[in-house]
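Following: one structure in structure tokens, then a few remarks.
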Amino acid sequence: MIHEKIFQLKSGREVKVVVKSYFLHDSPQRDTDCEILIREPKEKYFRTPIGVNHPQYWKMKRSSAQQAKVLLMEYSGITQRQINQAISEFNRILSYPPTHIGFQYESELV
């Protein structure tokens, strides 16, 4: 399942937090992962905060996965509190019981 939340920063930049959840093999537990994307006011599409041409790209590639996520969060301008908010919304959505939406026709087709 995927949940996306967009935050508008004071600078005008928009930050999209994409929360993804995967079920682990042979286990009822799931693994949750976050992706951070940004869009400047004049840009049309979201992109990663640190691309190949960014001065901190190789620093991010050499660091551990946890350090790389902290670096991405720092350069995007989003706070840990906002990321936690997106994750808690995602978990709230998962906790709702599944619903079945069906259609019933009152009259028969001729």
Side-chain angles (χ1 to χ4, degrees):
M1 185 171 176
I2 297 174
H3 176 66
E4 296 180 350
K5 175 121 176 119
I6 298 175
F7 294 97
Q8 181 78 30
L9 302 181
K10 291 178 183 177
S11 64
R13 174 186 281 182
E14 290 182 337
V15 180
K16 181 190 284 189
V17 178
V18 181
V19 183
K20 300 176 185 177
S21 179
Y22 306 98
F23 283 103
L24 302 175
H25 296 287
D26 300 331
S27 176
Q29 295 179 345
R30 63 179 195 269
D31 184 29
T32 304
D33 188 30
C34 289
E35 182 181 3
I36 299 173
L37 302 170
I38 63 169
R39 178 171 62 186
E40 298 297 334
K42 295 182 180 181
E43 292 178 343
K44 187 174 182 181
Y45 301 107
F46 284 93
R47 61 179 174 82
T48 58
I50 299 176
V52 178
N53 295 330
H54 195 278
Q56 298 295 324
Y57 178 77
W58 292 109
K59 179 180 179 182
M60 184 186 73
K61 287 296 182 184
R62 285 191 302 262
S63 60
S64 68
Q66 184 65 27
Q67 290 173 335
K69 288 190 183 236
V70 170
L71 195 61
L72 282 173
M73 185 179 76
E74 178 182 320
Y75 280 98
S76 69
I78 197 167
T79 63
Q80 184 65 43
R81 183 177 182 187
Q82 291 169 319
I83 292 174
N84 291 341
Q85 180 184 357
I87 292 172
S88 67
E89 282 183 13
F90 177 73
N91 289 331
R92 253 193 330 265
I93 291 169
L94 282 181
S95 68
Y96 288 127
T99 59
H100 175 71
I101 299 173
F103 295 101
Q104 291 185 355
Y105 293 100
E106 296 283 328
S107 61
E108 294 181 20
L109 296 175
V110 180

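Source: prediction; values computed, not measured. Count residues from 1 along the sequence.
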Connected hydrophobic set around V70, excluding itself, where side chains approach under 4.5 Å | none

Around Q80, counting heavy atoms of other residues, nucleotides and ligands shown, do more than 12 lie under 6.0 Å from its CD?
-> yes

Where is the tightest heavy-atom contact between [X] and [Y], given as atom of each residue plus distance?
{"X": "I38", "Y": "S76", "value": "CG2-CB, 3.7 Å"}
{"X": "Q8", "Y": "G12", "value": "NE2-O, 3.1 Å"}
{"X": "A68", "Y": "M60", "value": "CB-CG, 3.7 Å"}

Atom pair CD/CG of E40 and L9 - distance to nearest 0.5 Å = 9.5 Å

Run the side-chain donor-acceptor check on residues 45-56: report pairs under 3.5 Å with partners two or more places apart or on a different chain.
| from | atom 1 | to | atom 2 | distance (Å) |
| --- | --- | --- | --- | --- |
| R47 | NE | E43 | OE1 | 3.3 |
| R47 | NE | E43 | OE2 | 3.1 |
| H54 | ND1 | Q56 | N | 3.0 |

[X] side chain near [Y] side chain, heavy-atom distance below 4.5 Å:
{"X": "V17", "Y": "Q82", "value": "no"}
{"X": "F90", "Y": "M1", "value": "yes"}
{"X": "L37", "Y": "E4", "value": "no"}

Are L72 and F7 connected, step by step, through hydrophobic side chains (Ile, Leu, Val, Met, Phe, Trp, Tyr) whose heavy atoms are closer than 4.5 Å?
-> no

Is there a side chain to side chain contact (heavy atoms under 4.5 Å, CB included) between I83 and I36 once you walk through the steps?
-> CA-CA 9 Å; I83 292 174; I36 299 173; 3.8 Å; yes

